[in-house]
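Presented below is the structure to which this report refers.
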Amino acid sequence: MCRFAFLGILLAIVLAQAIPKPEEDHKSTRVLDAELSKQEHFIHSQHNPEYDHEAFLGEDAKTFDQLSPEESTRRLGLIVDKIDKDKDGFVTQEELKDWIKYTQQRYIRDDVERQWKSHNPDDKDTLAWSEYRKIVYGFVDDKEAESLDKPDDENFSYAIMLKRDRRRWSVADKDGDDALTKEEFTAFLHPEETEHMRDVVVLETMEDIDKDTDGKISLSEYIGDMYKGGEEEEPEWVKNEKEQFSSYRDKDGDGFLNNEEVKNWIIPVDFDHAEAESRHLIFEADMDADQKLTKEEILEKYDIFVGSQATDFGEALARHDEF
């Protein structure tokens, strides 16, 4: 099953600086992304290293766990050499940003190739919806999917995902032939990366959070998506989120988020994740405050870089063929 289609939207973002601005707050950004880990990326506004640990290990978790700190550090040093394009002995923010973008795009390319081969083993020019549906949802009958309207019905969640996948497929299918080229399939798997797919991301977010299905997101729904309660005293970050909602998210001040406000929230047009992450890494590791990093500074902060997008969440460290 396509894990992205089934799992839907995942909370994820990187820290832009030590104290993020409201529009860059990691708790307040919901983006469609790969399931990098079952761990929460942030816990009570604190970075959770276990998330990055599981995320960058992936299927090679056991292998990577067996690497010695010395070997891991050696491989990180080789990555630093690649990042330093002009070979001047320093990693600038721009070089770090370029590397992060490269690793992000490499992940998407690898994922698309893997899923394309899995769903289209004959490598035909296009993948028809009927073929994809049979592989992913073959056990759910079309009539059954239409009739399932109660959460306790068997296969209810699959029926919901089937409908959402069908809708997303139709938007990705730009020529309307009900079959996707590899480029269209990329848009289907990673709609957040394609301009004409972003309304689908917004719609899926609305469906996930708008529990009373009134077409807008209330403060309680907004908070409930991130915090389930249960603590005697409301955490400080929850109080901050309520302020975020009122002061920054709810542009028209009506107490709700409409579609456009949700779009501004989850897909901010002026926010560059790679730049934010590169700034964060410079901030954390730049011991002499010269706004660039030496290899020594990076290796000194080994734990930060292994757990960042700069090493593709550590995946590059486990790739023997790159060294």
Side-chain angles (χ1 to χ4, degrees), residues 4 7-36 39-48 51 104 160 164 167-168 171 190-231 233-280 283 309:
F4 301 98
L7 290 169
I9 293 178
L10 178 72
L11 291 169
I13 196 173
V14 297
L15 282 169
Q17 293 178 341
I19 302 177
K21 298 178 182 178
E23 66 270 19
E24 298 173 357
D25 188 352
H26 60 268
K27 276 287 182 181
S28 297
T29 303
R30 183 183 175 94
V31 295
L32 192 67
D33 203 352
E35 185 197 22
L36 299 177
Q39 296 282 341
E40 291 290 337
H41 201 172
F42 295 90
I43 298 177
H44 298 170
S45 295
Q46 298 298 317
H47 184 268
N48 175 20
Y51 175 94
Q104 289 173 336
I160 295 298
R164 288 173 65 155
R167 179 180 60 204
R168 189 192 288 189
V171 178
H190 298 277
E192 77 288 353
E193 296 293 326
T194 309
E195 184 66 33
H196 76 278
M197 296 293 294
R198 291 184 176 180
D199 285 342
V200 173
V201 178
V202 174
L203 182 57
E204 291 179 0
T205 301
M206 291 288 290
E207 290 174 342
D208 285 344
I209 305 178
D210 179 20
K211 300 304 182 183
D212 60 9
T213 65
D214 63 352
K216 52 190 178 182
I217 295 175
S218 66
L219 175 59
S220 62
E221 289 170 331
Y222 174 84
I223 294 297
D225 184 55
M226 298 176 278
Y227 177 63
K228 305 306 179 185
E231 300 180 34
E233 184 177 352
E234 187 175 78
E236 188 64 29
W237 72 263
V238 175
K239 297 176 183 178
N240 292 337
E241 280 304 323
K242 290 182 177 181
E243 176 64 24
Q244 294 264 327
F245 181 93
S246 300
S247 301
Y248 299 98
R249 308 298 177 206
D250 181 16
K251 303 292 186 183
D252 59 13
D254 67 349
F256 298 91
L257 301 186
N258 57 36
N259 276 46
E260 191 62 30
E261 289 167 334
V262 169
K263 188 173 185 177
N264 290 334
W265 166 34
I266 65 172
I267 314 175
V269 295
D270 58 349
F271 186 76
D272 187 326
H273 294 276
E275 181 175 352
E277 173 71 351
S278 64
R279 282 193 284 114
H280 169 63
F283 176 87
Q309 292 181 26

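Keep in mind the model is a prediction, meaning the values are calculated, not measured.
Ion pairing between a basic and an acidic side chain is recognised when a charged N comes within 4.0 Å of a carboxylate O; E204 and R164 show such pairing. By the 4.0 Å N-to-carboxylate-O rule, K216 lies too far from D250 to be salt-bridged with it.
The backbone N or O of G224 sits less than 3.5 Å from a side-chain atom of K228, completing a donor-acceptor pair. Judged by distance alone, the side chain of E221 and the main-chain N or O of D212 form a donor-acceptor pair under 3.5 Å. Looking only at distances, a side-chain donor or acceptor of S278 sits under 3.5 Å from a matching main-chain atom of E275. A donor-acceptor pair under 3.5 Å is formed between the side chain of D210 and the backbone N or O of D214.
Here the straight-line distance linking atom NZ of K211 with atom CG of D225 works out to 7.0 Å at 0.5 Å rounding. How far CD1 of I209 is from OG of S218: 10.0 Å, rounded to the nearest 0.5 Å. In this structure, CH2 on W237 lies 11.5 Å from CD on Q244, to the nearest 0.5 angstrom. Atom NZ of K242 is separated from atom CD of E234 by 3.5 Å, given to the nearest 0.5 angstrom. The CD1 atom of I217 sits 11.5 Å away from the CD1 atom of I223 when rounded to the nearest 0.5 Å. A distance of 11.5 Å separates CD in E241 from CD in E236, rounded to the nearest 0.5 Å.
Of the candidates R167, R168, K263, K263 is the only one forming a salt bridge (charged side-chain N to carboxylate O under 4.0 Å, His left out) with D199.
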